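Given the structure is predicted, the values throughout are model-derived calculations rather than measurements.
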Amino acid sequence: MKKKNICLAGFCAALFLFGAAGSLAVWFRPHGSWVNVMQDGMVLYSFDLSSTPDQTIDIEYNGSINTIQIKDGRIRVLSAECPDKTCVHMGWLESGALPVVCLPNRLVIGFAERESVDAVVK
């Protein structure tokens, strides 16, 4: 009985370690410089941050505006007219696993694979 419990504990520990390693690999995986700005599942803008000049873009949804800032090869929500402003507090887009999201305005900013981009809007 004791040996069975030790084997089960070892299996669970190994499973946990593999899961943690996989999560970290996804979280810190290298991402490209392509970013999609999407609203309601549609790509509004697609940028190559390595070559896009510094700019701000206003995106409207039902009378509410989010201002997107691209600066020094990075992107963030600079300001938003939503109640909680979680998207503004998320700061610069850093990780491929964690996009910047504004739920009230249905806006998502995240890294994209270059091959998945249908069109480039500037």
Practice item. Specify the closest pair of heavy atoms between Val88 and Leu78, including all atoms of both residues, with the distance to one decimal. Key: CG1-O, 3.7 Å
Study note, to complete from the structure: Output for pair (Ser33 OG, Asp48 CG), nearest 0.5 Å, gives 3.5 Å
Check your understanding: Would you find a donor on one side and an acceptor on the other, under 3.5 Å apart, between the side chain of Gln69 and the backbone of Val77?
Key -> no
**Study point:** Over all atoms of both residues, closest heavy-atom pair of Cys87 and Asn66
**Key:** SG-ND2, 3.9 Å
Check your understanding: Do Tyr45 and Met38 pass the side chain to side chain contact (heavy atoms under 4.5 Å, CB included) test, and can you show the C-alpha distance, the side-chain angles, and the key distance before you say yes or no?
Key -> CA-CA 7 Å; Tyr45 300 96; Met38 299 181 294; over 6 Å; no
Check your understanding: Are Leu49 and Leu98 linked, directly or through other ILVMFWY residues, by side chains that come within less than 4.5 angstrom of each other?
Key -> yes
Check your understanding: What is the minimum heavy-atom distance between Phe47 and Ile75, and which atoms define it?
Key -> CD1-CD1, 4.5 Å
Exercise for review: Hey, could you give me each pair passing salt bridge (charged side-chain N to carboxylate O under 4.0 Å, His left out) that has a residue in residues 54-67? Not counting sequence neighbours.
Suggested key: none
**Study point:** For Asp40, salt bridge (charged side-chain N to carboxylate O under 4.0 Å, His left out) partners two or more places apart
**Key:** Arg106
Point to revise | Chi angles and distances behind the side chain to side chain contact (heavy atoms under 4.5 Å, CB included) call for Val35, Ile109 | key: CA-CA 7 Å; Val35 173; Ile109 303 171; 3.6 Å; yes
**Study point:** Closest approach of Leu93 to Pro99 (non-hydrogen atoms, all atoms of both residues)
**Key:** CD1-CA, 3.9 Å
Point to revise | Backbone of Ser79 reached by a side-chain donor or acceptor of Lys85 within 3.5 Å | key: no
Check your understanding: Closest heavy-atom contact between Leu107 and Ile59?
Key -> CD1-CD1, 4.0 Å
Exercise for review: Please round to the nearest 0.5 Å and tell me the distance separating atom OH of Tyr61 and atom SG of Cys82.
Suggested key: 13.0 Å
Practice item. List the steps and the verdict of side chain to side chain contact (heavy atoms under 4.5 Å, CB included) for Ile68 and Thr56. Key: CA-CA 5 Å; Ile68 309 299; Thr56 58; over 6 Å; no
Study note, to complete from the structure: For residues 10-19, the salt bridge (charged side-chain N to carboxylate O under 4.0 Å, His left out) pairs (sequence neighbours left out) are none
Check your understanding: Do Pro104 and Ser64 have side chains that get closer than 4.5 Å, going by heavy atoms?
Key -> no
**Study point:** Residue pairs involving residues 72-83 (criterion salt bridge (charged side-chain N to carboxylate O under 4.0 Å, His left out); sequence neighbours excluded)
**Key:** Arg74-Glu94
Check your understanding: If you round to the nearest 0.5 Å, how far is CD1 of Ile70 from CD of Gln55?
Key -> 4.5 Å
Point to revise | Nearest non-hydrogen partners of Asp84 and His89, listed with the distance | key: O-CD2, 3.9 Å
